[in-house]
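See structure below.
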Amino acid sequence: MAEVKDMDFYQIEKKWQERWEKKKIFQVSESSKKKKYYVLEQFPYPSGSGLHVGHSFIYTVGDIYARFKRMQGFNVLYPMGFDSFGLPAENAAIQAQSHPKKFTEEAIRNFKSQMKTFGYSYDWNRMIETHKPDFYKWDQWIFLKMFEKGLAYRKKSPVNWCPKCNTVLANEQVQNGKCWRHEETTVEIKQLEQWFFRTTSYADELYSNLEKLEWPEFIKTAQRNWIGKSHGTEIIFEIETERRPNFILLHGYTSSPKENFFPWLKKELEKRGYTVQVPVLPNTNNPDVSEQVDFVLKNCKFDEQTVLLGHSLGSVIALKVLEKVKKPIRKLVLAAGFSEPKFLDKKRSFEKTFDWKFDFEKIKKNVSKIKILRATNDSAAPQERAETLQQHFGGEILDFTAENNHISGKEEHVVLQQCLETFPIFTTRPDTIFGVTFMVISAQHPQLMDFITEKQKTVAQKFLKKITSTKQEDMDKLGKEGVFTGSYARNPLNGEKVPIYASNFVIADYGSGMIMAVPAHDPRDFEFAKKYDIPIKPVLLKKSDESYSYVMGINEEDIKKIGITIIEKTKSGFFKIKIPPDKLEDYKAFIRKNMKAGFWNEFTTKKGFYFIFKHKDGKIEEMELNEKTNDIIDKYGMIFNGEIPKNNPENVYSWLAKNDFYKELLIHPGPGILINSEDFNGLDTEEAKEHITIYLVEKKLGRKAVNYKLKDWLISRQRFWGTPIPIVYCDKCGIVSVSEKDLPVKLPEDIKFNSTKNPLVNYKPFIEISCPKCKSLARQETDTMDTFVNSSWYFLRYCDPKNDKKIFDTKKTDYWMPIDIYIGGKEHATMHDIYFRFYTKFLRDIGLLKFDEPAVKLFNQGFILGENNEKMSKSKGNVVLLNEAAKKYGVDPTRLFLVSNASPESDKAWSNAGVEGSVKFIKKIIDYFAHFKSGKTSKRAESKMHKYTKEITAYISNFRYDLAVIRLRELFDILNEETISTKDAGIYLKLLHPFCPHVSEELWEKLGNKGFISLESWPEADETKIDQTIEKQDEAVNQVVNDVMNILKIMREKQEKEGEQIYLYALPNEVSFYNSERISIKIGKKVSVFAVNDKNKFDPEQKSGKTKPGKPGIYIV
RNA sequence: GCAGAGGUAGCGAAGUGGUCAAACGCGCAAGACUCAAGAUCUUGUGGCUUAGUGCCUUCGGAGGUUCGAAUCCUCCUCUCUGCACCA
């Protein structure tokens, strides 16, 4: 066998790589006998600069696992491919005036050959390149499926634009307002019409399934934050804008304005100060429709703010009226409405005399806002009539349960709501609803203008201009700014009218884009209220066992006597005190007795404030502060201060909150006890959330709601080098999808790249296409898809990479999927790691997959940093290229180093000295096998082999490669101390193999084995072979060696002559622990072991007297 | 601001209630080999002390729980990562 110095890493790497490839040992196919295991690494973008050690680290982590699982007997699918669409190749093409395909394919060749030199055990037969039409065809196919299901859609919205990439970006690709590829480039907001995937329709499942995934907790947390699920309540607020509506209510057949909900509705509307006209229609029991219509037109006044409501037959009258009104009206509300005789009882007279023909075009012209109210409990008319109406003139169908059949209850709240202008808001804190003092609509809200009144227009526009002209990065510095819109909202719980502001601090596309602001219990609202001097109304008393009071008119000494501590004495002579709960009654009595006349004292209790007044005449009045006592107390306060009570007393709680001592109890964002909240007083936050929501649901003013931060995925890119979107724009047919048989829509190859813009836009052979529907000339969409679509399903294509009939054979995906272990970077936490889950769920829902999640286990490897501990980058000059490292140190040492000095998930610096350490170790192994002499495996070696096999197996399973390598080193030291058989030497090589595949193959062969160690089975640890006494002996030997070394050191230091011969005196039952040979090897001196009771022992200095259990006496000469 | 991860010997990094002055590697030191250097091997690597002992000080800082803490709890501090006015 060769000496170490003759061992050429390069030679053996090449030799085995060639053999593996020739024998195709890593090619796999489905098998009914073997259990599958799918190991997958996130595939790379083939960049022009080639692989660096960071890349190879990911693949090494995966390869070790794949080799390990393969040896464990699994049918391991371990493929590799290239995510080959993307901007760098396109930019290179623009610079060179060439085609990105050229750069891409060169890079792929380079990547692939470098990967091969690293000996990864991929099944190259399954390689995927996403830029190839036979791959991206299926991207387009999936797009069509999503389009069919309404999950791919086009909309105009504010989008993120990177001026460097010259394209829009997904929400996920914007990091801190900068582009994910250009850390220096600020993303701009543009209003564009773009394609989206409806990821939000899976928000709930994407969120809830996280629980089941064996993924690193931090990734799951990141996804949870990103999806941002929050539970709350949607509350409907009435809105009063400058455009004040007036109402005309038309009753139905055999009815009158005195029946059903009409009287109630009229009262409610008038209460709000609106004009209401409720004509009594003639001949209601035997109506002539045209007569009634004429009656309405003659007797009612219509204008552009008119809201027309028709109930039952009244809705038919309303429609007819709308054919004839001169000017368009504001809104039409149809309650139990119909338009065709087929839904009617044929016996009634009016249906025979009426012509039943409507001019729907005219109606549409006269009203644009139409609400069709359909009660699900309406037995008087079939449900489908709502759809019939909608087909005729559009409008919005609202399903609800009416108080009574045919919407004939006394108080039909939904009818009222639909007559009024309402706006829903989302809140997680319905418990604070009584504290609402204003509303805020997002300054970016599409409906904002509806709220701004004539009077406020100038200020509002000035403000909006400021907001839009502020750059994204300056926004944070800007703080919360806003302006009053001029409109108001009405609190559905107490009817209070509050102003609506517009502001930059509310997000337009979260919830409804408007919030209820509770400054007392939300710091953001507080900040805003302070700035614009809006009232702050506390409604939650912070829980506190102690009672707080701010007391005057009593002696300091007297307070102390009853055991109450004074927190602070103010300059004006007040005492801030906290009263323990058990002292409260004493305190009350004390106040009654000791407070000077003409004073009053308030203090908090667990439920709210309590007041004790002492009038000048000594009369004492006491009361608890609640809604009813609110006014009284305010007046009392005034009188005591010698002031004249105001007509509109200030809310006492707000007044109390101005006191900085009470403030901490009244102004806070946490939970508490409800005060100032009418019937809900006394409930705690959690109870109140529940009760208030129930109340709102009953009144049809709200519902439980869940909201997500997640937004739909913007997939359009204004770039060339991506998958073309299979959509055609036709002047006649609108947006038309390309038919399946015409896929793929291919990227042209004979196209010139000479500007930074997408060249497809002006490339006639591509854009000029006939409409798939009407065959007339249409225009092909020139945007391409975000390259993340490719990686969203590539793992499925690996299962059946060459299928040209289908996206994949489901039999194959059923066998291989899901991915058992997915290895990749943590930077994908909220990008790829969400997208591929979304795709999986979609493909499952169209029947292609039988599982919910693509990857059961996810492993995130750390980054490899440069030697200086900084991220590798060309500009820092610390990039370590893979091929150079392999050439210099050999592949196996490089692999071994990458996984050995830290657990694979932590970041670590590349270190040349570190790799050299690995080289040293491997050379030692090679040297050992070069001089290997087979023998019978010693007991100790056998025990250790099993012990270490067990540990190494467990460590590799858990990706603790670093600890596995340490065990390999330790086991190697034992090999050196013991004799072992050829078979056991082979076992060591097997344990080494996943880390050092080439060297282990070579040594395996040199050991006389036939075949590949790659295909050998993983050694099994037999725990019964682990000998505990050997462990004890080892411990004893180590201990004694330590002691001897220590003595020798001391002898040396004392300049004594260092001893050459060592005598040990052990207890008789321990003599066997001290193997003189092993100790001798370790110390490098002669060793004799005696039992203490051995009469023939050599012990001139009586050191045997020092012998203790576990500690032999030592004598050194 | 919120959330997550983390701070261990000169460095990287194990260790998550006693077996810990703390694996393993790198670095450093001494010794062996060599004419010498490198490579290799051996030993050492918190301090004091000692023929193998004993003691003290250490695991970001300060407290606490415990017979016992790097390890559990509380507060503080610093670093990294993610989200960023999400109502």
Side-chain angles (χ1 to χ4, degrees), chain A residues 4-5 175-177 216-230 232-233 425-429 432 439-440 442 475-476 478-480 503-518 521-525 527-528 669 707-711 826-827 829-830 865 869 896-897 900-903 905-909 911-918 920-921 923-924 927 960 962-963 965-970 1035 1039-1054 1056 1058-1059 1062 1064 1081-1084 1101 1103 1106 1108 1111-1116:
Chain A
V4 176
K5 47 184 173 289
Q175 289 156 1
N176 292 324
E217 219 34 65
F218 75 94
I219 296 278
K220 296 208 263 184
T221 312
Q223 291 209 355
R224 278 192 196 104
N225 289 341
W226 188 260
I227 298 167
K229 185 178 185 175
S230 45
T233 306
I425 63 95
F426 175 75
T427 180
T428 53
R429 296 298 301 274
T432 63
M439 309 286 285
V440 189
S442 168
M475 273 297 197
D476 304 337
L478 193 62
K480 296 175 182 49
S503 171
N504 60 340
F505 86 89
V506 174
I507 292 160
D509 51 3
Y510 180 77
S512 64
M514 196 196 286
I515 60 157
M516 63 177 219
V518 185
H521 305 291
D522 183 299
R524 294 157 303 179
D525 300 347
E527 191 187 329
F528 193 83
N707 248 294
Y708 298 95
K709 283 204 278 186
L710 184 75
K711 305 214 165 78
K826 43 195 160 207
E827 69 276 15
T830 55
L865 308 169
N869 241 316
L896 192 69
F897 162 72
S900 60
N901 74 331
S903 74
E905 64 231 280
S906 53
D907 297 348
K908 72 202 75 171
S911 142
N912 287 323
V915 196
E916 279 157 20
S918 296
K920 235 189 312 189
F921 176 54
K923 283 192 172 166
K924 272 197 271 183
D927 193 41
R960 292 309 305 266
D962 55 328
L963 300 179
V965 171
I966 287 168
R967 290 291 175 269
L968 279 170
R969 283 176 182 272
E970 287 170 357
E1035 229 170 86
Q1039 187 59 49
V1040 85
V1041 167
N1042 248 339
D1043 290 347
V1044 171
M1045 287 298 188
N1046 203 353
I1047 299 167
L1048 287 172
K1049 193 182 108 197
I1050 292 162
M1051 291 171 91
R1052 225 176 297 130
E1053 278 166 5
K1054 289 195 170 171
E1056 280 177 23
E1058 190 176 319
I1062 291 144
L1064 300 177
I1081 289 169
K1082 288 210 168 194
I1083 300 174
E1101 291 192 13
K1103 293 287 184 191
K1106 284 202 155 194
K1108 284 179 212 154
K1111 260 185 190 310
I1114 300 168
Y1115 174 60
I1116 303 175

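All values below were derived from every heavy atom in this structure, side-chain atoms included, with hydrogens, water molecules and symmetry-related copies excluded. Chain letters run A, B, ... following the sequence lines, proteins first and then strands; every chain starts at 1.
Contact of the D509(A) side chain with the K711(A) side chain is registered, since non-hydrogen atoms from C-beta on lie closer than 4.5 Å. Under the 4.5 Å side-chain criterion, counting only non-hydrogen atoms from C-beta, M516(A) is in contact with T432(A). Contact annotation: the side chain of F897(A) never approaches that of V965(A) to less than 4.5 Å [non-hydrogen atoms, C-beta and beyond]. Two residues are said to be in side-chain contact when any heavy atoms from C-beta on lie closer than 4.5 Å; I1083(A) and L1048(A) meet this criterion. Between D525(A) and I515(A), the closest side-chain pair of non-hydrogen atoms falls below 4.5 Å.
Pairing of U65(B), defined by two Watson-Crick or G-U wobble distances under 3.5 Å, is not identified with any nucleotide. Across all strands shown, C28(B) forms a Watson-Crick or G-U wobble pair, both distances under 3.5 Å, with G44(B). Figure legend. U81(B) is base-paired to A3(B); pairs are counted as Watson-Crick or G-U wobble with both atom distances under 3.5 Å. Nucleotide A39(B): unpaired (no Watson-Crick or G-U wobble partner with both distances less than 3.5 Å). The partner of A70(B), taking Watson-Crick or G-U wobble pairs whose two distances both stay under 3.5 Å, does not exist in any strand shown. With a 3.5 Å ceiling on both atom-pair distances, U58(B) lacks any Watson-Crick or G-U wobble partner.
Spacing between atom OH of Y510(A) and atom C1' of C83(B) amounts to 14 Å, rounded to whole angstrom units. As a whole-Å value, the separation of E905(A) CD from U81(B) C1' is 15 Å. When rounded to the nearest whole Å, the span between CD of E970(A) and C1' of A23(B) equals 7 Å. A straight line from CZ of F505(A) to C1' of C85(B) spans 8 Å, rounded to a whole angstrom. When rounded to the nearest whole Å, the span between NZ of K709(A) and C1' of G82(B) equals 11 Å. In this structure, L963(A) atom CG and C24(B) atom P are separated by 12 Å, rounded to whole Å. Distance L710(A) CG to A84(B) P: 12 Å, rounded to the nearest Å. When the P atom of C85(B) is taken as reference, atom CG of N504(A) falls 10 Å away, rounded to whole Å.
The backbone N or O of D962(A) sits nowhere less than 3.5 Å from a side-chain atom of N901(A) that would complete a donor-acceptor pair. For the pair N707(A) (side chain) and S230(A) (backbone), a donor-acceptor distance under 3.5 Å is absent. Remark: side-chain polar atoms of S442(A) are paired, donor with acceptor, to backbone N or O of V506(A) under 3.5 angstrom. Formation of a donor-acceptor pair under 3.5 Å by the R969(A) side chain with backbone atoms of F921(A) is not found in this model.
Contact record, A222(A) with T830(A): O-CG2, 3.8 Å, taken as the closest heavy-atom pair.
Of the two residues contacting RNA chain B, namely F426(A) and V1040(A), the nearest-nucleotide position lying further toward the 5' end is that of V1040(A). Residues G914(A) and I966(A) both approach RNA chain B. Their nearest nucleotides, taken by heavy-atom distance, put I966(A) toward the 5′ side.
Base engagement by V506(A) is indicated by at least one non-hydrogen atom pair under 4.0 Å involving a base atom. Note on P523(A): nothing from the nucleic acid sits closer than 4.0 angstrom, heavy atoms only. Nucleic acid contact for K826(A): none, since no nucleic acid atom lies under 4.0 Å from a heavy atom of the residue. Among the heavy atoms of the strands lying under 4.0 Å from G1113(A) is at least one base atom, whether or not backbone atoms are also near. Note on G511(A): nothing from the nucleic acid sits closer than 4.0 angstrom, heavy atoms only.
The side chain of S230(A) contributes an N or O atom lying less than 4.0 Å from OP1 or OP2 of A87(B).
Interatomic distance, CD of E217(A) versus CZ of R224(A), reported as 6.0 Å (0.5 Å rounding).
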Tabulate atom names and distances for all N/O pairs under 3.5 angstrom spanning the protein and nucleotides 6-13 of chain B.
from, atom 1, to, atom 2, distance (Å)
G12(B), O2', N901(A), ND2, 3.1

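Using P as the reference atom, C55(B) and C2(B) are 47 Å apart when rounded to the nearest Å. Taking atom P on both nucleotides, G6(B) is separated from A14(B) by 10 Å, rounded to a whole Å. Taking the P atoms as reference points, C78(B) lies 27 Å from G15(B), given to the whole Å. A gap of 50 Å separates the P atoms of U49(B) and G1(B), to the nearest Å. Straight-line distance between the P atoms of G47(B) and A9(B): roughly 15 Å, to the nearest whole Å. Nucleotides C83(B) and C28(B) are separated by 45 Å at their C1' atoms, to the nearest Å. For G12(B) and A22(B), the C1' atoms lie 15 Å apart once the distance is rounded to whole Å. With both ends at atom C1', the span from A30(B) to C24(B) equals 22 Å, rounded to whole Å.
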For each nucleotide in nucleotides 38-46 of chain B, reading 5' to 3', give B when a protein heavy atom comes within less than 4.0 Å of its base, S when such contact involves only the sugar-phosphate, and - otherwise.
--SS-S---
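For the pair K480(A) and F528(A), the NZ or CZ position fails the cation-pi test of under 6.0 Å to the six-membered ring centre and within 45 degrees of the ring normal.
Distances from the side chain of R969(A) to the nucleotides C24(B), G4(B), A51(B) place C24(B) closest. The side chain of T221(A) lies closest to G4(B), out of C24(B), G4(B), G82(B).
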